[in-house]
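Structure first, commentary second.
Both backbone and side-chain heavy atoms feed into the values below; hydrogens, waters and symmetry mates do not. These numbers were taken from a predicted model, which means no experiment stands behind them.
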Protein chains: 2
Amino acid sequence: MSTVLVVEDDANIARALLVNLRARGYRALHAPDGTRALDLAAHEHPDVILLDLGLPDVSGLTVIRGIRGWSRVPILIVSARQESASKIEALDAGADDYVTKPFAMDELLARLRAALRRGTPEQAEAIVTTADGRLEIDLATKRVRVEGTPISLTPTEWLLVEQFARNPERLLSQTELLHAVWGPEYGRETNYLRVYLSQIRQKLEADGSRPRYFVTELGMGYRFTPSGG
Amino acid sequence: MSTVLVVEDDANIARALLVNLRARGYRALHAPDGTRALDLAAHEHPDVILLDLGLPDVSGLTVIRGIRGWSRVPILIVSARQESASKIEALDAGADDYVTKPFAMDELLARLRAALRRGTPEQAEAIVTTADGRLEIDLATKRVRVEGTPISLTPTEWLLVEQFARNPERLLSQTELLHAVWGPEYGRETNYLRVYLSQIRQKLEADGSRPRYFVTELGMGYRFTPSGG
DNA sequence: GTGTGGTGTCAGGACGGCGTTAAGACGATC
DNA sequence: GATCGTCTTAACGCCGTCCTGACACCACAC
């Protein structure tokens, strides 16, 4: 049985996380602030740590540095969308991965399993590459390369590509993508997606009219298939 | 040790069931009427419920609805042959499966084991696989594989397959499926199901004319049998 | 054997989703 | 205020999906 330390000050989110984790058979501990997080990390030796960046007392960065001083336990960042700068700082400070609030529970659990499986922290997830090596997406530097040469994307194009890169092989519905890129009040504007998918394919696919990486699933959504299948 | 609640007014049948269940190592409770059934279900939290439809006080349907209001414990209907209409009603109300009186004890025990297997939350992996490994249904990425190669399904086909994957070994009535896929106002359009089941079998079964996974239960509904039996 | 109700299969037409293009609206920069 | 790139919106043709109806088939009852 693995022990998960949940560092989260919002009581509702914390409860939801703890309930879900315990239902899946994890031993889940809770720290509502940074001080108690460091304390529990030292005394309970969790197998993985879920860390919210917005804490009341000390910054999430301080917590990461405090733990990395003596332990290489995997740390998953949970952060709001607008905190993207501190997310990168957190990754640089030694965090392993991050999910953006509001997050899908199954996605979080998948990343958690991945972190546990790895055991030893590595930044391998930072660059997503297709099986054929033609396309590279660097999530940390926000850069995309096709056959080695950098491609410039517009902000909206990048946000879309980022969604795909963070969810390889997974079917993303139109509403899901619209929420993630344009905001929660969008959902019916599927024509946006049609236009931008077209542009992205022109830039990143070998043959824009026969997409291999950004595949349409008719009536369901889109899927990024770096594996090639 | 699993707890089984037997709801049965006929004393002879009840005794036979209780003796057989206890001999197999189950903890077996007995409720001779609907009122005590609801009472025991609430206080003892059984792992599975065997429910006779012909009760002296309240109808079996009332019992199902009373339990389904707060619990998802598997419910197996035990009913006489001529009560086929109420059997379908019971399935629509949320029962999981049924056996017809007079029943073979080993068949009942087999269905009971299937219900227990389903009830225990071992769905840590969101991938449902058939016993022979030919068919994989990945609920997280919404992808279906036959012998390793991905198969593309239309939205309606996927919704149906998803229902089956989420309820393996369970008998799903036509109305239940129609409600889940087309919406609550549908219920008589069983021809839809016939067309789509045919398409799904063509795509996913080894021999579309001899289905092994998506089995028809004549007059009752359909059952997904990943175990192969 | 014959009848009946439920089921499986096929094909065609209506419909809506999708990809593409282009033009107008908007905002940033100088 | 002018220019440039980006985002939004509209229009159109294409293609797959959904629904429908017809027919064959099967199990079961008589």
Could you list the residues that satisfy side chain to side chain contact (heavy atoms under 4.5 Å, CB included) with L40(B), not counting sequence neighbours? L5(B), A31(B), E44(B)
Take atom CD of E217(B) and atom C1' of dC28(D), then tell me their distance rounded to the nearest Å. 16 Å
Nearest whole angstrom, please: distance from the C1' of dC25(D) to the CG of L197(B). 16 Å
Decide yes or no for D9(A) and D52(A): does some side-chain heavy atom of the first lie under 4.5 Å from some side-chain heavy atom of the second? yes
Establish, with yes or no, whether the OP1 or OP2 oxygen of dT7(C) is under 4.0 angstrom from a side-chain nitrogen or oxygen of T216(B). no
Would you classify Q174(A) as touching base, sugar-phosphate or nothing, given that sugar-phosphate means primed atoms plus P, OP1 and OP2, and contacts are heavy atoms under 4.0 Å? sugar-phosphate
Distance in angstrom units between R188(B) CZ and dG6(C) C1', rounded: 17 Å
Pick the nucleotide of DNA chain C nearest each of L193(B) and G221(A); which residue has the one closer to the 5' end? L193(B)
So if I take every side-chain heavy atom of R194(A) and compare against dT6(D), dG19(C), dT9(C), which nucleotide ends up nearest? dG19(C)
Has R134(A) got more than 12 heavy atoms of other residues, nucleotides or ligands less than 6.0 Å from its CZ? yes
Does R201(A) make a side-chain N or O approach to OP1 or OP2 of dG19(C) shorter than 4.0 Å? yes
When we call it a touch if two heavy atoms are under 4.0 Å apart, what does Y192(B) touch: a base, just sugar-phosphate, or nothing? sugar-phosphate
Side-chain donor-acceptor pairs of residues 190-200 of chain B under 3.5 Å, sequence neighbours excluded:
from, atom 1, to, atom 2, distance (Å)
Q199(B), NE2, E157(B), OE2, 2.8

Nearest-Å distance for atom pair CD/C1', residues E189(A) and dG17(C): 16 Å
Compare side-chain N and O positions of Y196(B) against OP1 and OP2 of dC19(D) and report whether any pair is under 4.0 Å apart. yes
Report yes if at least one side-chain N or O of W182(B) is closer than 4.0 Å to OP1 or OP2 of dC18(D); otherwise report no. no
The side chain of S198(B) is closest to which nucleotide in this list: dG16(D), dG8(C), dC18(D)? dG8(C)
How about F214(A) and F164(A): are their ring centroids closer than 6.0 Å? yes
Heavy atoms only, 4.0 Å cut-off, all strands: where does T156(B) land among base, sugar-phosphate and nothing? sugar-phosphate
Measure from the side chain of N191(A), starting at C-beta and using heavy atoms only, and say which of dT9(D), dT17(D), dT6(D) lies closest. dT9(D)
Which is true for Y222(B) with a 4.0 Å heavy-atom rule: it touches a base, it touches only sugar-phosphate, or it touches nothing? sugar-phosphate
